[in-house]
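Structure first, commentary second.
For reference, positions follow the sequence shown, starting with 1.
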Amino acid sequence: MSSKVDLGKLDMNNPAAWPLPIKSVACVVLALFIIGMSWWLFVTDRRDTLAAAEAKELQLRGEFEDKQGRAANLEPLKQQLAQMELMLQQMLRQLPSKNEMPDLIVDISQTALATGISNELFQPGAETAKEFYAEKPIALRLVGTYHQFGAFVSGVASLPRVVIMTMHDISLTPKAGKPGLLVLSGTVKTYRYLDEDEAAEAAAKAAAGGAK
């Protein structure tokens with residue numbers, strides 16, 4: 001009697017009727033398939049988790065290196081800031097003081113007259129205190145030639161004290177009926193440094209204004 005089984009004659013709808021050897025092999029194959037699929041799904045999920053963990057590690061490492069670099073540069077930056085503040089204070093000290101300001105205004109006006117410029121208007125306004133300095137506007141109307149204005153600027157620059165002048169709403173136009181003459185009109189601002197008490201008062205006012 002032949003022990004071979006004709007697989008083509010197996011009833012796929014009735015596995016219970018299969019010969020015992022065939023059922024055993026089928027069970028083993030099914031078990032291996034289930035184990036293989038379970039393992040594949042398990043490993044795939046763990047791979048995704050591992051990839052996410054590696055990406056997070058790279059992100060955290062980058063953030064750590066960035067913060068470490070900032071911390072390493074913090075002390076040099078503090079030193080640079082201290083040096084800049086010292087330089088600022090030294091530059092401010094080169095500006096006129098409160099007591100020198102009236103004489104400086106006179107010197108500017110006299111410098112204009114010395115160059116031949118006509119001061120039709122030279123009117124200092126109210127002073128405004130800032131955090132480290134005070135600014136004083138001067139409304140003016142000056143009449144002179146191009147070269148006289150150049151000499152005026154040069155004369156102001158050569159005054160003993162550092163003079164900073166900024167121009168606001170300035171116009172330079174030819175004077176009607178006077179060929180070669182120009183009219184400079186508008187407002188200039190000059191600056192002085194605040195002493196310690198004035199600076200403290202200005203800072204207190206600024207803080208009070210910001211708190212409102």
Side-chain angles (χ1 to χ4, degrees), residues 73-212:
N73 294 327
L74 182 59
E75 191 59 34
L77 288 175
K78 287 182 177 180
Q79 294 178 359
Q80 291 179 7
L81 180 60
Q83 292 176 354
M84 292 175 64
E85 290 179 346
L86 179 61
M87 292 175 59
L88 175 61
Q89 292 299 324
Q90 291 175 345
M91 292 175 64
L92 290 174
R93 287 293 184 270
Q94 295 177 10
L95 293 175
S97 66
K98 182 178 181 179
N99 294 331
E100 293 173 322
M101 198 63 173
D103 291 338
L104 178 64
I105 298 298
V106 173
D107 288 342
I108 294 174
S109 177
Q110 291 298 320
T111 300
L113 293 174
T115 60
I117 291 176
S118 174
N119 291 348
E120 293 187 352
L121 175 66
F122 194 91
Q123 182 177 354
E127 193 175 74
T128 302
K130 302 296 184 178
E131 186 175 359
F132 301 108
Y133 62 90
E135 62 180 28
K136 190 175 189 64
I138 304 173
L140 49 76
R141 178 181 170 85
L142 308 178
V143 179
T145 65
Y146 175 83
H147 294 291
Q148 286 173 336
F149 281 120
F152 168 64
V153 173
S154 177
V156 170
S158 64
L159 290 175
R161 267 294 188 178
V162 174
V163 180
I164 298 177
M165 294 180 64
T166 58
M167 298 186 178
H168 305 266
D169 301 324
I170 289 291
S171 65
L172 184 64
T173 57
K175 185 171 178 61
K178 299 289 185 178
L181 289 182
L182 301 172
V183 179
L184 178 70
S185 60
T187 302
V188 298
K189 291 182 180 180
T190 188
Y191 303 86
R192 70 171 180 86
Y193 75 85
L194 300 179
D195 59 32
E196 293 183 359
D197 293 338
E198 290 176 316
E201 182 179 354
K205 288 182 178 180
K212 291 182 181 179

State which residues pass side chain to side chain donor-acceptor pair (under 3.5 Å) with [X]; sequence neighbours excluded, sorted by chain then number.
{"X": "T173", "result": "none"}
{"X": "T111", "result": "none"}
{"X": "S118", "result": "none"}

Check: Do any pairs count as a salt bridge (charged side-chain N to carboxylate O under 4.0 Å, His left out) and have a residue in residues 97-124, sequence neighbours left out, and if so which ones?
Finding: K98-E198, E100-R161, E120-R141, E120-K175

Going by side chain to side chain contact (heavy atoms under 4.5 Å, CB included), name the residues that satisfy it together with [X], two or more places apart in sequence or in a different chain.
{"X": "L182", "answer": "Y146, F149, L172"}
{"X": "A134", "answer": "E127, R192, L194"}
{"X": "S154", "answer": "none"}

Determine whether [X] and [Y] make a side-chain contact, defined as any pair of heavy atoms from C-beta on separated by less than 4.5 Å.
{"X": "T166", "Y": "V188", "value": "no"}
{"X": "I170", "Y": "T187", "value": "no"}
{"X": "V143", "Y": "K178", "value": "no"}
{"X": "K189", "Y": "K136", "value": "no"}

Notebook entry, point to check: Judged by atom type as modelled, is there a donor-acceptor pair below 3.5 Å linking the side chain of S109 to the main-chain atoms of V106?
Noted result: no

Next item on the list: Look at the side chain of Q83 and the backbone N and O of Q80, then say whether any donor-acceptor pair between them is shorter than 3.5 Å.
Entry: no

Notebook entry, point to check: Which heavy atom in F152 sits nearest to a heavy atom in I117, and how many Å separate them?
Noted result: CB-CD1, 3.6 Å

Next item on the list: Could you go through the side-chain contact (heavy atoms from CB on, under 4.5 Å) check for L121 and L142 one step at a time?
Entry: CA-CA 7 Å; L121 175 66; L142 308 178; over 6 Å; no

Notebook entry, point to check: For the ring pair Y133 and Y191, is the centre-to-centre distance below 6.0 Å?
Noted result: yes

